[in-house]
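Both ligands and their constituent atoms are indexed starting at 1 by order of listing.
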Amino acid sequence: MCGIIGISSNKSVSATIINSLKKLEYRGYDSAGLATVHNGMINEIKSEGRVDSLEKNFDLKNLEGNIGIGHVRWATHGVPNSINAHPHSSHNVSVVHNGIIENSTSLKKFLVNKGHTFKSQTDTEVIVHLITENLKITDLEEAITNTLKQLQGSFALGIIFKDIPNLIVGARRGSPLAVGYGPNENYLGSDSYALKSMTNKVTYLDDGEFCIIKKDQVLFFNEQGIKVNKKIFELSSEESSYDKGHYKHFMAKEIEEQPNTIKSGIKEYVDNFNKDINIFNFPWKIEEIKSIILIGCGTAYHSCLMAKYWFEELTNIDVGIDIASEFRYRKNRFKKDTLYIFVSQSGETADTYAALDICNKNNMKTCSVVNVIESSIARDSNFVLPIHCGPEIGVASTKAFLGQILVLYIFILKLSSLRNEINKNQYHKKINDLKTLPELIEKTLLHDNEIQAISSTFNEAKGSMFLGRGFSYPIALEGALKLKELSYVHAEGYPAGEMKHGPLALIEKGMPVVVLAPKDNYYKKTISNMQEVIARGAKVLLITNKSEDEVISENIWETIEVENTNHDLLPFLLTIPLQKLAYYSALKKGYDIDKPRNLAKSVTVE
Ligand code: F6R
């Protein structure tokens with residue numbers, strides 16, 4: 001999952017490429033590089049680390065050229081260093097690549113026998129030499145068509161040539177790629193987000209296609225090398241949301257933005273006048289849907305799990321959930337009356353996209369819950385439920401999680417009403433409760449100083465556990481994921497009732513354990529499980545909701561009380577302290593909060 005940018009212009013491109021690469025760092029940030037063609041030469045600069053280090057290590061004024069490609073890397077083959085950084089070049093060809101070439105070992109053998117020498121440990125370098133080899137025997141279009149046929153795996157490519165110095169080739173199989181149009185220049189980008197600062201007019205390549213980009217013309221070709229016409233889309237512009245404002249980190253800003261996330265979701269879907277929920281243009285009759293399967297990865301998968309609990313509570317529909325990387329390789333039994341829902345913030349996650357693609361190929365009903373509406377997953381779903389939370393830049397998902405569970409909850413309520421599984425009064429009451437949620441989240445966000453104080457205990461421990469039952473279980477998983485990805489401390493989310501079947505052995509004196517026990521139907525059971533860990537020495541942080549009921553405080557290390565609301569909505573509130581706990585833990589350790597090690601925002605490799 002790397003970021004690609006290419007510019008073909010009538011002026012020097014290196015500074016613009018650098019700026020675009022900075023925007024693309026959410027796709028990978030372990031190394032960066034760029035190459036231009038100038039005066040009959042390919043000039044290449046590469047560096048380990050962030051795009052900043054490219055600027056520090058090289059004088060960009062010396063990197064002239066009106067044609068160029070750039071790349072930010074998230075390592076798959078070969079350690080992150082400057083040799084393995086992209087672009088990779090031969091004497092004539094330079095390539096940037098996102099994806100994995102599965103037959104690189106056999107191709108490398110073939111190319112070495114032909115006299116090619118390799119510098120890096122990457123799979124990408126075989127593409128460079130394969131094109132170089134194919135160009136010896138035929139023209140550009142045929143050489144590209146032949147090369148793509150020889151490659152197995154997934155790729156988005158940007159390619160420039162010393163001997164054909166006026167163009168960039170882009171090619172796509174599996175990994176997304178877009179072309180943008182500007183005045184006297186045209187662009188290539190690994191997604192439309194990369195292009196947004198330069199243009200709002202884009203074309204998306206489909207699988208198997210390639211394109212030739214000159215400053216004043218773009219041509220598209222299919223897998224057979226035959227020219228095809230493509231549609232130009234207009235993008236919405238939200239540039240202003242891409243800065244941190246007065247916050248130290250995007251994550252801090254995105255956590256605080258959550259009341260607005262919920263407000264925009266409610267504005268989009270709730271009809272205040274009729275006390276109803278609007279899901280416009282839903283393409284199927286409700287009777288056509290007998291079961292639902294929700295699919296996602298990471299935090300988005302936790303949203304799916306959350307939705308499962310709500311579906312079961314509010315409807316009688318059969319519901320299943322799946323992790324996209326598992327779903328895509330399993331033998332699935334497709335049924336015409338199943339609705340497949342794909343949850344993804346970026347809309348570009350390779351595993352989720354692949355799962356969607358399998359469903360589309362089997363003519364299933366597909367719907368996506370996404371943030372980026374121009375994304376591949378949104379474009380290729382039959383129906384889209386946008387979450388409208390604005391760009392999420394911090395690698396750890398926060399506001400998108402709340403946005404996803406909000407839209408799923410709203411959809412479930414509507415379905416329940418259409419299926420006559422909820423009475424009118426209850427339906428209206430739940431819609432009214434929903435409208436109070438932004439204010440309740442605002443109040444919950446005020447639990448700041450106490451969470452800051454608590455966070456050091458989690459940093460100093462060998463590990464921690466997050467426990468919950470029922471509606472709180474997905475939130476326990478999410479809390480543990482946030483803590484481990486940001487503060488690099490082992491954290492495990494568990495259904496509280498499962499502890500006695502093994503994990504209880506992990507509990508030792510002083511181990512911090514977060515227990516999510518709102519006063520819902522599971523409260524008493526969770527409290528019993530909490531006592532079991534306390535009895536074994538755990539230091540318990542209890543997160544519950546304010547209520548008239550007796551507050552249990554004996555032997556509890558710390559308690560946080562979120563606001564009170566209807567039980568369906570408590571998961572929204574329980575999430576907030578856990579996001580803050582992860583944020584402050586990482587802050588105390590001085591870690592890079594918006595770009596945790598080894599991760600990327602958009603995971604476009606499988
Ligand atoms: C964790 C996190 C990831 C993503 C996952 C799916 O904080 O952000 O686990 O949720 O990579 O990404 P999307 O939602 O873009 O499909």
ring-ring contact (aromatic ring centres under 6.0 Å, His included) between Tyr340 and Trp284, worked out: CA-CA 13 Å; Tyr340 289 83; Trp284 307 285; over 10 Å; no
Taking every non-hydrogen atom, the tightest pair across Gly403 and Ile387: O-CG2, 3.6 Å
Donor-acceptor pair between Ser416 and Thr315 side chains, under 3.5 angstrom: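 Side-chain D/A pair, Ser416 to Thr315: absent.
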Distance under 6.0 Å and angle within 45° of ring axis: Arg50 vs Tyr29: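 Yes; both conditions hold, so Arg50 lies above the ring face of Tyr29.
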Six-ring centre of Tyr488, Arg597 cation under 6.0 angstrom, axis tolerance 45°: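 Positive - Arg597 is close enough to the ring of Tyr488 and near enough to its axis.
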Distance-only donor-acceptor hits, side chain of residues 465-473, under 3.5 Å, sequence neighbours excluded:
| unit_1 | atom_1 | unit_2 | atom_2 | d |
| --- | --- | --- | --- | --- |
| Arg469 | NH1 | Asn529 | OD1 | 2.4 |

Per-ligand residue contacts, ligand 1, heavy-atom threshold under 4.0 Å: Cys297, Gly298, Thr299, Ala300, Ser344, Gln345, Ser346, Thr349, Val395, Ala396, Ser397, Leu481, Lys482, Glu485, Val603
